[in-house]
Amino acid sequence: MSGTPHPAPAGARRIAVIGAGPGGLYFAALAKQLAPDREITVFERDGREDEFGFGVVFSDETLDGIARADPRVFAAISAEFARWSDIDIRYAGEVRTSGGHGFAALDRNRLRAVLQQRCAELAVDVRYRTPAPPVEELAAEYDLVVAADGIHSGTRAAYPQAFRPELDERHCRYIWLATDKVFEAFTFIVERHDFGVLQVHAYPYSATRSTFIVEIAEDAWRRAGFEALAAREFARGESDERSVRRCAELLADHLDGHRLIPNASRWIRFTTVRNARWRHRNVVLLGDAAHSAHFSIGSGTKLALEDALALAAALSEQPTPEEASAAYEAERRPVVESTQRAAQASLEWFETVERRTGQDADRFAFNLLTRSRRVTYGNLRARDPAFVDAVDTAFGGSPGVPPMFRPLKLGALELHNRVVVPPLATFTSPDALPSAFDRAQLTGHALGGAGLVLAGMTAVAPEGRATDRCPGLWSDRQEAAWRELVEAVRAVSDTPLGIQLTHAGRRGATAVPGPDGIGRPLAEGWPLLSASPIPWDADSQVPHEANEVHLAAVTADFAAAAERAARAGFDVLELQFGHGHLVSSFLSPLTNHRTDHYGGPLAGRLRLPLEVLGAVRAAWPAGRPLLVRISASDWAPGGTTEADAAAICRALAEAGADALDVSTGEVVAHQRPPYGRGYQTPFAELVRSATGLPTIAVGAISGPDDADSVLLAGRADLVAVGRAQLYDPLWTLHAAADQGYTGPGARWPEPWRAGSRKPPGPGADRVAPRLHLLREPPAPVHRRWRPTPPEE
Ligand SMILES: Cc1cc2nc3c(=O)[nH]c(=O)nc-3n(C[C@H](O)[C@H](O)[C@H](O)COP(=O)(O)OP(=O)(O)OC[C@H]3O[C@@H](n4cnc5c(N)ncnc54)[C@H](O)[C@@H]3O)c2cc1C
Ligand SMILES: Cc1cc2nc3c(=O)[nH]c(=O)nc-3n(C[C@H](O)[C@H](O)[C@H](O)COP(=O)(O)O)c2cc1C
């Protein structure tokens with residue numbers, strides 16, 4: 001931000017701010033600095049001295065942003081920072097420490113005091129103990145109204161149609177406390193009690209205090225007796241003292257005789273706030289009023305300060321407040337949404353922590369650190385190599401061998417690494433025979449280094465094709481063509497090959513996916529079958545409800561195709577029980593409305609899948625791995641739940657599946673998946689912990705670093721990388737070269753060995769400039785907060 005003051009653009013002279021939290025105050029100070037002729041009034045219902053909250057924590061990256069915006073504020077707050085670089089994970093009686101992170105924290109009330117002081121110096125009119133007038137009045141009187149009125153924002157509630165807020169109240173209970181025990185590092189405590197798992201997020205914020213947030217799943221909270229302790233109304237500002245005492249007893253081992261210090265502390269549930277719009281006419285939301293992000297990935301304060309910075313800058317850059325608000329929202333929304341995605345992954349991780357409590361301390365620590373998918377194997381290694389080496393070793397690997405290059409035994413089959421090419425249909429078979437392109441693609445992928453390559457969906461019957469360009473495996477001719485293809489690939493590569501068998505059900509008879517979309521019905525299709533006569537969407541054909549004769553035929557078709565696949569020489573078979581195909585349509589309550597014994601409760605919905613799996617298991621050679629792909633969520637209300645997915649997979653495991661390929665969605669057209677890096681991997685972890693079977697994680701795992709993180713954290717045993725291997729069929733070999741790995745997990749085809757090292761790029765021979773005679777010593781990996789205790 002430019003530090004040069006200038007006149008406020010006409011039309012943005014008079015600004016009202018609702019709320020003197022960190023967001024409102026910082027905005028007021030910055031906006032006033034940029035244009036001192038502005039008149040800024042801040043309304044705050046609490047008193048100047050009222051103190052709420054404890055420590056505020058920042059990462060190094062956040063500090064960069066605020067360091068330059070107002071150096072005086074920065075100097076004042078940084079003088080008070082507690083600084084450290086370690087994260088301690090206390091779990092199952094052991095402690096693991098990861099270093100190199102970089103944190104700074106201070107008392108939230110000191111931050112407010114610094115901002116209050118800055119506003120006073122700049123002659124911002126801050127009115128304490130003054131609830132803001134109704135927003136309509138402010139909007140009429142001022143050029144701009146900045147609603148920084150916190151997570152329960154009254155302004156947001158006043159315009160529900162305009163802001164379209166979504167308030168997602170989460171499942172865990174938490175209580176925000178301080179302690180006079182000064183932790184030396186960011187500390188996570190996860191421990192099992194007879195009532196369930198109790199977790200703590202703690203960090204120091206001064207020479208005498210730490211924040212101490214206790215979190216617990218709702219059912220464990222009840223069993224622990226907290227519900228009874230908290231069963232009354234608390235006055236504003238009052239704390240639930242009895243619960244605080246109970247927390248202190250339960251966590252005494254970690255408090256070493258120190259106190260828990262409440263401040264208006266009681267059990268609450270975290271609410272993620274999202275708004276479809278952050279602005280309405282001349283009113284704009286800022287900070288917690290606009291969005292919240294779970295405390296486990298850093299403070300809401302950071303987002304509020306960054307918002308303030310962006311809005312103040314936009315007001316000076318844009319001609320009108322409306323345009324400034326639009327520019328502010330355009331700048332901040334993607335950043336906030338990305339933070340909220342990471343926060344969502346993190347909060348879900350803590351909500352489901354129970355499923356990881358079987359892990360050993362090393363793996364658990366690594367899993368915790370990579371929970372938001374922002375911190376990865378690669379950046380943890382860069383920050384603290386010894387920590388990652390220790391986890392690598394505990395996982396049976398050796399330092400220098402990235403997890404993706406470790407072998408895995410699947411049934412009798414040895415995979416030389418953990419990368420899978422998932423089924424990737426080519427839609428090049430007008431005659432339902434595998435095409436020249438299938439041969440080229442599978443050969444390319446087999447040479448590209450993955451440990452297992454799967455051919456795309458292949459229909460078990462003519463009416464089971466998804467499009468009129470999909471291959472099948474119901475005839476001798478098709479079997480011979482697949483055998484020829486397998487032999488052609490074998491001639492150049494010994495990479496194991498698999499094939500995915502399917503009956504597309506109501507997702508059949510569609511045109512090849514293209515620029516016009518996916519799933520458009522063919523003008524001249526064929527009759528479709530599904531669990532119930534529910535079309536995919538309004539344009540789709542209504543499928544026939546499959547009767548028992550149909551179902552017996554489908555089961556027999558799967559078994560026959562499995563026998564053909566074995567004779568064709570495939571090493572692995574995958575059954576498509578997901579993505580809304582025929583078998584999937586039986587599993588999901590959204591697509592199965594049957595009243596016979598193939599519908600109703602899960603046991604009924606599982607009947608066809610188990611019949612098909614049983615028949616295929618009998619037809620497919622015992623030593624060859626049999627995989628099943630499922631959609632573990634429908635991403636639509638009323639669809640498959642996590643509990644269903646776990647139960648489905650347990651049943652599939654019992655019926656003979658060797659591994660589960662865990663996808664999601666594509667079951668109903670109105671799905672709303674939260675696409676993002678690795679967004680399906682938590683389901684692989686769920687299934688792995690529910691069944692004990694190897695799982696394949698898939699979906700937006702595009703970099704080797706993501707793959708290594710998923711594997712080392714124990715979320716899955718294999719990672720399937722689809723589109724990224726279409727982008728670069730040598731993805732696996734390139735990942736080896738990029739990570740400097742040359743062992744047996746990366747098999748360069750012999751004729752290509754000369755190219756197995758990354759070619760030097762331009763400038764590789766440039767002499768690096770040297771500004772110092774001697775190198776600065778690197779920052780220590782482990783920095784702990786060990787202040788000199790203040791004199792009594
Ligand atoms: C009990 C509690 C403790 C917390 N402790 C921490 C912590 O230790 N560390 C941390 O990083 N984060 C903490 N947080 C979260 C953190 O406070 C927020 O993420 C952050 O303060 C957001 O800043 P903000 O300016 O958007 O909103 P807030 O800080 O919530 O500020 C909103 C302000 O608006 C005022 N207000 C609301 N309505 C009106 C009205 N009609 N008229 C006038 N004034 C109004 C409120 O009194 C409040 O001062 C805590 C939250 C709570 C509820
Ligand atoms: C061109 C293409 C074809 C696909 N064909 C199939 C298929 O035949 N069967 C299937 O189960 N999934 C299919 N998928 C889904 C992929 O197997 C994979 O689950 C998905 O692409 C997500 O992984 P990614 O983000 O790594 O690409 C296909 C995806 C693409 C892009």
Side-chain angles (χ1 to χ4, degrees), residues 17-27 42-47 50 52-58 105-109 111-112 115 127-135 147-155 175-178 203 205 211-213 263-266 268 285-293 295 298-305 307-308 420-427 454-458 466 470 500 502 504 513 518 574 576-579 581 629 631 661-666 675 677-680 696-702 719-727:
V17 178
I18 309 178
L25 289 174
Y26 195 46
F27 165 78
V42 182
F43 298 91
E44 171 55 54
R45 64 182 177 198
D46 288 334
D50 287 353
F52 292 110
F54 306 104
V56 184
V57 62
F58 300 101
L106 84 162
D107 186 330
R108 180 171 186 268
N109 296 306
L111 171 66
R112 270 184 62 206
L115 295 172
R127 301 182 188 168
Y128 294 99
R129 300 203 186 283
T130 311
V135 60
D149 50 353
I151 197 150
H152 303 295
S153 170
T155 314
I175 185 162
W176 208 310
L177 300 158
Y203 54 88
Y205 65 84
T211 294
F212 196 89
I213 305 165
N263 179 346
S265 306
R266 73 275 305 258
I268 40 182
L285 303 177
L286 184 148
D288 273 13
H291 46 71
S292 61
F295 49 83
S299 67
T301 310
K302 152 198 143 80
L303 289 179
L305 295 184
D307 281 1
V420 176
V421 177
L424 295 164
T426 63
F427 307 105
L454 299 177
M457 55 181 167
T458 300
C470 288
Q500 185 191 55
T502 196
I518 297 180
E574 176 170 287
Q576 172 58 298
F577 284 7
H579 295 177
H581 286 216
R629 175 168 266 203
S631 287
D661 179 359
V662 188
S663 185
T664 66
E666 300 197 42
Y675 294 118
R677 248 172 79 203
Y679 72 106
Q680 297 178 155
I696 305 177
V698 64
I701 299 172
S702 34
V719 288
V721 176
R723 285 161 298 172
Q725 296 202 79
L726 292 179
Y727 177 74

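Order of appearance sets the numbers: ligands from 1, and atoms from 1 within every ligand. Numbers here simply count residues along the sequence, with the first being 1.
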Open item on the list: Would A724 count as a contact residue for ligand 2, given that I'm defining contact as a non-hydrogen atom of the residue lying under 4.0 Å from a ligand atom?
Closed with: no
Under 4.0 Å from a heavy atom of [X]: give me the atoms of ligand 2 that qualify, with their elements.
X    : answer
H579 : 11 (O), 12 (N)
V721 : 26 (O)
P422 : 17 (O)

N/O donor-acceptor pair under 3.5 Å between [X] side chain and [Y] backbone:
X    : Y    : answer
Q725 : V420 : yes
T426 : L424 : no
S153 : I151 : no
Q680 : S663 : no
D307 : G287 : yes
D661 : E574 : no

Which protein heavy atom lies closest to [atom], and at what distance to 0.1 Å?
atom                    : answer
atom 26 (O) of ligand 2 : G722 N, 2.7 Å
atom 31 (C) of ligand 2 : R723 CG, 3.6 Å
atom 29 (C) of ligand 2 : L424 CD2, 3.7 Å
atom 22 (C) of ligand 2 : G699 CA, 3.8 Å

So is [X] polar-close to ligand 1, meaning N/O to N/O under 3.5 Å?
X    : answer
A20  : no
A264 : no
P131 : no

Relative to the heavy atoms of [X], which atoms of ligand 1 are at a distance of less than 4.0 Å?
X    : answer
A304 : 23 (O), 26 (O)
G287 : 26 (O)
F43  : 43 (C), 44 (N)
G23  : 25 (O)

Between [options], which one has a non-hydrogen atom sitting closest to [atom]?
atom                    : options                : answer
atom 12 (N) of ligand 2 : Q500, M457, R629       : R629
atom 18 (C) of ligand 1 : L303, D288, L177, T211 : D288
atom 43 (C) of ligand 1 : R45, R108, R127, R266  : R45

Could you establish whether [X] and ligand 1 come within less than 4.0 Å of each other, counting only heavy atoms on the residue side?
X    : value
G55  : yes
A148 : yes
Y128 : no

Is the closest N or O pair between [X] and ligand 2 shorter than 3.5 Å?
X    : answer
G456 : no
Q576 : yes
A700 : yes
P423 : yes
A425 : yes

Task: I518 CD1: over 12 foreign heavy atoms closer than 6.0 Å - done: no
Quick one: are [X] and [Y] in side-chain contact, heavy atoms under 4.5 Å?
X    : Y    : result
T502 : H579 : no
L454 : Q500 : no
W176 : T211 : yes
F58  : L106 : yes
Q576 : M457 : no

TODO: Just let me know how V698 lines up against ligand 2, side chain, backbone, both or neither, with a heavy-atom cut-off below 4.0 Å.
DONE: side chain
Open item on the list: I need the contact type for T502 against ligand 2. Using non-hydrogen atoms and a strict under-4.0 Å cut-off, is it side chain, backbone, both or neither?
Closed with: neither
TODO: Determine whether the side chain, the backbone, both or neither of F27 has a heavy atom under 4.0 Å from any heavy atom of ligand 1.
DONE: neither
Task: Option among V698, V662, I696 that satisfies the side chain to side chain contact (heavy atoms under 4.5 Å, CB included) test with R629 - done: V698
Open item on the list: Return the OG1 to OH distance between T301 and Y26, rounded to the nearest 0.5 Å.
Closed with: 13.0 Å
- [ ] Nearest 0.5 Å please: distance from the CD1 atom of I213 over to the OH atom of Y203.
- [x] 5.5 Å
Task: Any protein heavy atom nearer than 4.0 Å to atom 20 (C) of ligand 2 - done: no
- [ ] Identify the heavy atoms of G665 and S631 that sit nearest to each other, and give their distance.
- [x] O-OG, 2.9 Å
